[in-house]
Amino acid sequence: MNLTIARDELLKPLGYVTGVVERRQTLPVLSNVLIRSDGENLKLTGTDLEVEIIAAVKPQSADEGTMTVPARKLYDICRALPAGAEIKLELSGEKAVLRSGKSRFTLLTLPEADFPSVEVGTWDITFTISQEQLKRLLDHTQFCMAHQDVRYYLNGLLLELSKNRLRAVATDGHRMGLSEVELSVDEGTERQVIVPRKGVHEIGRFLAAAGKTAEIRLSPNHIRVSVENVALTSKLIDGRFPDYVQVISSTYQQKMRIERTALAEALARVAILANEKYRGARFTLRPDLLVVTAHNPEQEEAQEEISANYSGKEVEIGFNVNYVIDAVNSLEGEEIELGVNDPNSSCVLQSPDSSDTRYIVMPMRL
Amino acid sequence: MILHIDMDAFYTSVEERDRPELVGRPLVVGGTPEGRGVVAAANYAARKYGVHSAMPAATARRLCPEALCLPARHDYYGQVSGQIRAIFHRYTPLVEPLSLDEAFLDVSKSEALFGSTSSIGRRIKREIAEELKLIASVGVAPNKFLAKIASDLDKPDGFVVVDPQRVQEFLDPLPVRRLWGVGKVAGRRLRQLGVDTIGDLRRLPAWRLKQLFGRSGEHLWELAQGIDDRSVIPDHRAKSISHETTFSADIVDHETLRVWLLELTEQVCRRLRRHRLCGRTVQLKIRYADFTTITRARTLAEPTHITREVWQVAAELLASNLPARHEGVRLLGIGVTALEQPQPLQGELFDGDIREKHGRLDELSDTIKKRFGTAAMRRAAELKK
């Protein structure tokens, strides 16, 4: 097999594929990218057995054939070659030879027959969504996912498709992010799936900005997200997501409105002196004023006063300041609405005029 | 200069103060009239018969049958102790309490305000006598070790000042047993060497003491020279919190023991919470009818002051260490060690927040008990006792 391709064409798709390739592998072939050519187009495939990405790319010329070469090494070489370079890749026995200008690299290949493919059942739901909207959903929620939690169903993102809406929910059990978009899908295609962390991160990498759509397919055990020339297939997490509806159905008696950037800046400063491990900060809601204080084990203390719009009663409540910062930074718009009840119950952070995206944070007893 | 202030026969003096008709009679606090438990304190009249604290109540009864035996009112003694400490704090924040009835004070920095250390010592002694009608013995010395010896030297109602220039003269004639760390065994070994007084010990070469007692030998040698450079540490943190009880009759029944243990655990945890502390290691103590005593400990994954969490470990320790057949348990105790400040508790969105709920339950129960007394709220299991 023999192919010639512009370095700049190859770099991006190869980057998506390399993203799923784990640095440490159980099977040697999983370190490799599978390159398949039908004589006109190339398909690059990378997998870790849970998530698979296939990227299509157009070469200047190529024979029919397949080979597998070490993904990360190939990607690193391409990245280090100058922009505008032309790459020739040639299979020679058990090795692949890459030439570009005055550079030459010989890479080991592995038999393509060993390369695993993901077995998906039948796709029973298919719908499309703008890439921009999907990316927003993921960006607004994915940082709330748990990481290596024993409650394995929290180590992923809930996508809930209902009659006229797609909702993304992520939680680590302490805070929760929820974001939704209107979407018209066929009757009877309601579904809840949990996409594992890694799949969520990789999807976010190839979603493009305005104007283009993504196609989402669901089978009982898999999700596939396809855009123009990239398709990601991921296993789903087989588990029951906690009852998030109960969490978002609280009503909040005390509501405060605060200018978002002022709050973000003040919290970033207070956080400097919060306990490095526990991150606790005390939020005191007073008429038209939010006071945030934090101190560390050395008894250094930070205090910020932020003017706000508030006429409720005084409430003092502790939070992990990082959770509040994450939410404030992710929300958009001039103002933020903070809704609280009492120091032991959750609070909500959202934009005052839209609840499309909201964050529920449990307090911390300081 | 350091002050060591030690209340004379504290518990019994408090009782005598409140009930003047008892003055002059031999009096014992702690243990039961049937002669179980241990003596927490004995007044000077009882001490004449050889009764002393930590002695089994039965022995005390044999030595002095006419002694009046009163139950210990620890909460009340604690309150009085707080009043005494308030007097100390008029003169310095550097107060290191050793127990309810004694403390070290470092008043060096207060001398410009209140006069010399010994005049401060006298004022404190007078104020305790006038305001609380209690007698303290006071030791005034250049360091903690000497101050403690001094306060004990002329008890009761003592006031002893150790002149920094004449430390050796003060120490040399005292028996070696006065030194911290010299108990029965070491005392006997020293006597065999012809060492009876601190002076005798001081004249031994340091290497000889090291040879005899290892590293603590060096320490002994330093003490004998009157050297002790430990500073007074205020807010002396408790190392452990424990409660134990001697039953009025030995208990064989497992369930009854469990119920007692639950009540002791609750008391320990309440104290932990009152002091805003969490503990990591739970220790169970069982003394059987034949006086054999075992202690068993287990360490938790996370420090806690939640009754339920300590109780789970305590109950497991009891279940796994109490033999199916035994002759009866005389004493049961539970303690929590490896204490530290509680960490902030992050709330849980989903049902995992049992810990938080129990924390709140404990808090509520403490408030109720504080207001209406410990009998106001009990765990249902305790009703079976």
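Within every chain, numbering begins at 1; the chains are lettered A, B, ... in the order of the sequence lines, protein sequences first and strands thereafter.
With values rounded to the nearest 0.5 angstrom, A/Tyr323 atom OH is found 5.0 Å from B/Gln346 atom CD. The structure places CG of B/Leu349 at 7.5 Å from CD1 of A/Ile360, a figure rounded to the nearest 0.5 Å. Between B/Lys357 atom NZ and A/Asn344 atom CG the span is 12.0 Å, to the nearest 0.5 Å.
Residue A/Glu298 places its CD atom among more than 12 non-hydrogen atoms of other residues, nucleotides or ligands, all under 6.0 Å distant. Counting heavy-atom neighbours within 6.0 Å of A/Glu300 CD, excluding the residue itself, gives a total above 12. The number of heavy-atom neighbours closer than 6.0 Å to NZ of A/Lys255, taken from other residues, nucleotides and ligands shown, is 12 or below. Within a 6.0 Å sphere centred on NZ of B/Lys369, heavy atoms belonging to other residues, nucleotides or ligands number more than 12.
Closest heavy-atom contact between A/Val247 and B/Phe350: CG2-CE2, 3.5 Å. Nearest approach of A/Met364 to B/Pro344, heavy atoms of both residues: CG-CB, 3.9 Å.
Residue contact with chain B, scored on non-hydrogen atoms closer than 4.5 Å, is absent for A/Arg279. Looking at A/Asp243, only its backbone comes within 4.5 Å of chain B, counting heavy atoms on both sides. Contacts between A/Thr171 and chain B at a heavy-atom distance below 4.5 Å involve the side chain alone, from C-beta outward.
Counting heavy-atom pairs under 4.5 Å between each of A/Tyr278, A/Tyr244, A/Phe319 and chain B puts A/Tyr278 at the top. Across A/Pro363, A/Gly280, A/Ser346, the residue that shares the most heavy-atom pairs under 4.5 angstrom with chain B is A/Pro363.
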| field | Candidate pair B/Glu348 and A/Met362, rule side chain to side chain contact (heavy atoms under 4.5 Å, CB included), full reasoning | value | CA-CA 6 Å; B/Glu348 296 282 341; A/Met362 273 309 278; 5.7 Å; no

